[in-house]
There are 4 protein chains.
Amino acid sequence: MATNATKPQSRAKGLETAGRVRKAALKRFAGAGYAAVSMREIATDVGVRPGALYNHFPTKQDILKDLMLSHMTDLLRAWDAAVFAQDTDPLECFVRFHIRYHLERADEVFISYMELRNLEPENFAVIEAERRRYEAILTDILEKGAASGRYAVEDARVATRAIIAMLTGIPTWYREGGHLSEQQIEDLYLNMVRKAVAPIAINSQRETG
Amino acid sequence: MATNATKPQSRAKGLETAGRVRKAALKRFAGAGYAAVSMREIATDVGVRPGALYNHFPTKQDILKDLMLSHMTDLLRAWDAAVFAQDTDPLECFVRFHIRYHLERADEVFISYMELRNLEPENFAVIEAERRRYEAILTDILEKGAASGRYAVEDARVATRAIIAMLTGIPTWYREGGHLSEQQIEDLYLNMVRKAVAPIAINSQRETG
Amino acid sequence: MATNATKPQSRAKGLETAGRVRKAALKRFAGAGYAAVSMREIATDVGVRPGALYNHFPTKQDILKDLMLSHMTDLLRAWDAAVFAQDTDPLECFVRFHIRYHLERADEVFISYMELRNLEPENFAVIEAERRRYEAILTDILEKGAASGRYAVEDARVATRAIIAMLTGIPTWYREGGHLSEQQIEDLYLNMVRKAVAPIAINSQRETG
Amino acid sequence: MATNATKPQSRAKGLETAGRVRKAALKRFAGAGYAAVSMREIATDVGVRPGALYNHFPTKQDILKDLMLSHMTDLLRAWDAAVFAQDTDPLECFVRFHIRYHLERADEVFISYMELRNLEPENFAVIEAERRRYEAILTDILEKGAASGRYAVEDARVATRAIIAMLTGIPTWYREGGHLSEQQIEDLYLNMVRKAVAPIAINSQRETG
DNA sequence: TATGAATGAGGGTTCATTCAT
DNA sequence: TATGAATGAACCCTCATTCAT
């Protein structure tokens with residue numbers, strides 16, 4: 001870009017290195033877990049000596065925090081930016097969005113759920129707040145739907161957790177090229193979610209017996 | 001006890017120490033993650049010097065494998081031993097069993113899902129096989145129910161994963177003494193699961209518009 | 001033996017175990033070096049737990065000392081017991097005896113030369129005294145032969161060391177079934193030794209030019 | 001120095017540290033044996049913390065390999081560089097060279113013979129190849145001398161081993177300031193070696209009786 | 001911005017040895 | 001005599017991080 005042309009090359013190189021650090025750390029953390037990954041490994045992936053990492057991130061913990069926080073903000077921003085046909089069911093929007101976004105970012109999703117405990121308390125609080133904001137989106141949809149009679153959920157917070165757990169589990173087993181396309185996955189899960197919150201009565205075994 | 005009278009005390013002491021190692025490791029692994037826990041910490045918890053741990057487990061990895069494998073075998077055995085009223089819906093049996101069992105054993109469940117990647121390949125294969133056996137129970141219930149028309153699931157394997165992910169997420173947020181009793185949790189989730197696999201049609205937004 | 005018949009079996013078993021410990025330690029020390037061998041390895045070879053070794057030898061060091069000391073005393077006793085044709089050259093006797101004895105006991109010889117430094121000072125002094133006694137045998141032969149004019153050695157102590165170093169090196173490369181028989185080795189070395197101490201003049205290069 | 005002026009100081013410091021590691025390890029390995037020396041001891045000698053050693057040598061084994069390999073290559077290079085009066089007997093050249101070189105480097109020689117078994121197989125093969133190259137020098141001298149009738153050796157390979165064992169034993173007992181000068185040692189051994197391979201007949205005891 | 005050297009702490013594991021049984 | 005459990009010290013090595021260059 002023209003705006004970059006006048007910047008010293010080292011700045012640009014540094015930004016690029018920071019990006020490579022993020023990328024390498026993401027892959028490693030997702031694969032082996034934060035605690036099992038060493039700064040040396042990340043440095044090797046980046047093609048740099050360990051000491052150089054500290055020009056870009058003050059500590060290893062900061063790399064983790066950076067990855068998790070930017071995942072959450074990207075996620076929320078992506079939801080805000082997502083556009084659906086005007087008359088689409090909000091629940092359908094959310095389910096399809098969640099599945100798509102998470103399937104495309106398996107590594108980020110994975111560390112966001114697995115490495116929470118490796119965040120120092122301060123960082124944990126920040127991430128958790130973002131996560132609650134995201135969950136609130138679904139809770140809100142469910143509550144509004146329940147109020148309108150479209151959905152039947154006894155406890156929207158519990159239903160939110162149930163649905164998100166169900167959806168977020170997909171990337172742990174879904175593989176591209178498997179016997180189901182991403183579209184089919186979306187449809188299958190959407191159907192299950194809809195039924196799960198649908199205002200229908202299920203007769204228990206005892207009652208039918 | 002009379003049955004212990006003839007055994008040398010050292011043997012009994014050893015068994016007890018091994019048990020304490022398991023217990024301490026379980027708590028630590030669940031709390032901080034396998035990679036972040038040191039043998040020294042476990043030894044301190046047990047009240048023993050680090051070297052003594054190696055009288056009971058050849059490596060740290062073996063402690064993890066022991067915990068994960070015994071969790072899976074206990075789980076399967078518990079299912080086999082579980083007795084329900086004869087005419088109870090099998091799906092209800094499974095859901096209630098799963099929730100109860102997992103809520104009582106939050107630590108075991110947690111490490112069983114979190115530490116899979118820290119298992120050496122050989123051990124991973126063993127655990128995975130057990131896990132698949134457990135999932136097969138639910139898949140079987142769903143397939144039989146679908147065949148009889150009681151349930152409508154397009155893909156029993158996918159539905160199995162969806163349901164188990166949903167249920168297994170409970171211990172991550174459920175706390176005793178919260179605003180929901182365990183019984184209420186069971187009922188709420190059972191209802192959602194039943195509806196999710198019920199043979200009903202959901203009208204999409206577009207169709208109703 | 002009749003005298004053993006009345007002894008408790010445990011005594012006999014203990015003696016047998018001690019012998020197995022010696023044998024296992026000898027093989028291990030020769031193969032890997034005293035410092036690199038653990039009591040656990042020896043115990044495993046013997047088919048016993050590590051603690052049991054201490055019923056037979058008070059420390060690891062004592063096993064080494066036992067092996068080295070008994071090797072030296074056996075060697076000296078064997079020399080005393082060796083019988084040669086009355087008119088055989090004493091140097092030939094010594095050379096043939098040394099080669100034979102050492103080729104038959106490669107492990108003992110090896111550790112006797114390699115593990116000297118791992119002996120605690122007290123034990124070292126004992127072994128060294130025995131070694132000097134053995135070397136004195138050859139020195140004496142050389143000195144007597146020099147006095148009688150049969151040999152020409154300028155310094156019998158130096159010649160002793162030279163010859164013993166030469167002979168003791170054999171087991172490091174000699175393998176049974178190689179292209180030379182033990183008998184041929186003996187003859188070759190005896191010839192070299194004899195010539196080396198023979199009362200002959202060697203013309204230097206310059207003088208012959 | 002002008003040549004160093006452009007090098008960063010840290011690089012120079014590192015090279016110096018590596019040299020100090022080599023020196024300390026050499027002394028320690030020679031004194032107590034590879035297996036009995038700890039990295040902590042070496043670090044203490046060098047004046048550095050144990051971890052710093054790993055900036056210069058990847059493992060303890062690599063220090064040993066470095067010492068043994070450089071000893072062998074130095075030895076071979078020194079032989080190539082050694083210059084003797086043109087008409088000097090090659091055997092004399094070799095004997096004098098070997099004694100001088102080995103007396104000046106008692107520690108290197110010692111570990112080169114004692115620590116062979118502590119080399120991992122791969123490293124062992126490398127060192128052994130160098131050793132054979134060195135022995136081949138003497139074998140060649142003996143074979144050429146035998147062909148010309150100057151020497152009588154029945155088996156040049158065996159004679160090589162005998163002579164080298166004899167000469168290499170010197171540093172184990174020779175002490176500067178003893179009753180023999182290095183020059184006298186050379187002369188004494190040279191004389192013995194020459195006679196040992198001289199084309200003379202020795203009458204056996206029986207034949208003279 | 002990147003390097004190579006160094007630190008100080010700590011990692012998993014093994015050691016020779018002791019001791020009650 | 002042999003065992004299994006335990007000790008206390010030490011092992012080699014790796015860690016995240018610092019810093020002069």
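Across R40(D) and P50(D), no two heavy atoms sit closer than the pair CG-CG, 3.8 Å. Listed here is the closest heavy atom pair of I127(B) and K65(B): CD1-O, 4.3 Å. Among all heavy-atom pairs drawn from A32(D) and V37(D), the shortest one is CB-CG2, 4.1 Å.
Protein atom CZ of F57(B) is 18 Å distant from nucleotide atom C1' of dT14(E), rounded to whole Å. The distance between atom CD of E16(A) and atom P of dT1(E), rounded to the nearest whole Å, is 13 Å. One interatomic measurement links the two molecules: CZ of R20(C) to P of dT1(F), which rounds to 14 Å at whole-angstrom precision. Straight-line distance from the CG atom of D62(D) to the P atom of dT14(F): 11 Å, rounded to whole Å.
Listed for the R28(D) side chain is no donor-acceptor partner under 3.5 Å among the backbone atoms of A36(D). At least one donor-acceptor pair under 3.5 Å links the side chain of Q61(C) to the backbone N or O of E120(C). Judged by distance alone, the side chain of K23(D) and the main-chain N or O of V46(D) form no donor-acceptor pair under 3.5 Å.
R117(D) and E115(C) are joined by a salt bridge, as a carboxylate oxygen and a charged side-chain nitrogen come within less than 4.0 angstrom of each other.
Of the residues in residues 26-33 of chain D, none has a non-hydrogen atom less than 4.0 angstrom from any atom of DNA chain F.
For the pair T17(D) and dA6(E), the criterion of a side-chain N or O lying under 4.0 Å from OP1 or OP2 is met. Within the 4.0 Å cut-off from OP1 or OP2 of dG4(F), not a single side-chain nitrogen or oxygen of H56(B) is found.
Of the residues D66(A), D107(A), D45(A), the one that meets the salt bridge (Lys or Arg N to Asp or Glu O under 4.0 Å) test with R22(A) is D66(A).
Across all strands shown, dT21(E) forms a Watson-Crick or G-U wobble pair, both distances under 3.5 Å, with dA2(F). Base pairing annotation: dT7(F) forms a Watson-Crick or G-U wobble pair with dA16(E), both donor-acceptor distances under 3.5 Å.
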- Query: Along nucleotides 7-13 of chain F, 5' to 3', which nucleotides get a B, which get an S, and which get a -, given that the test is a protein heavy-atom distance under 4.0 Å?
  - Reply: BS-BBBB

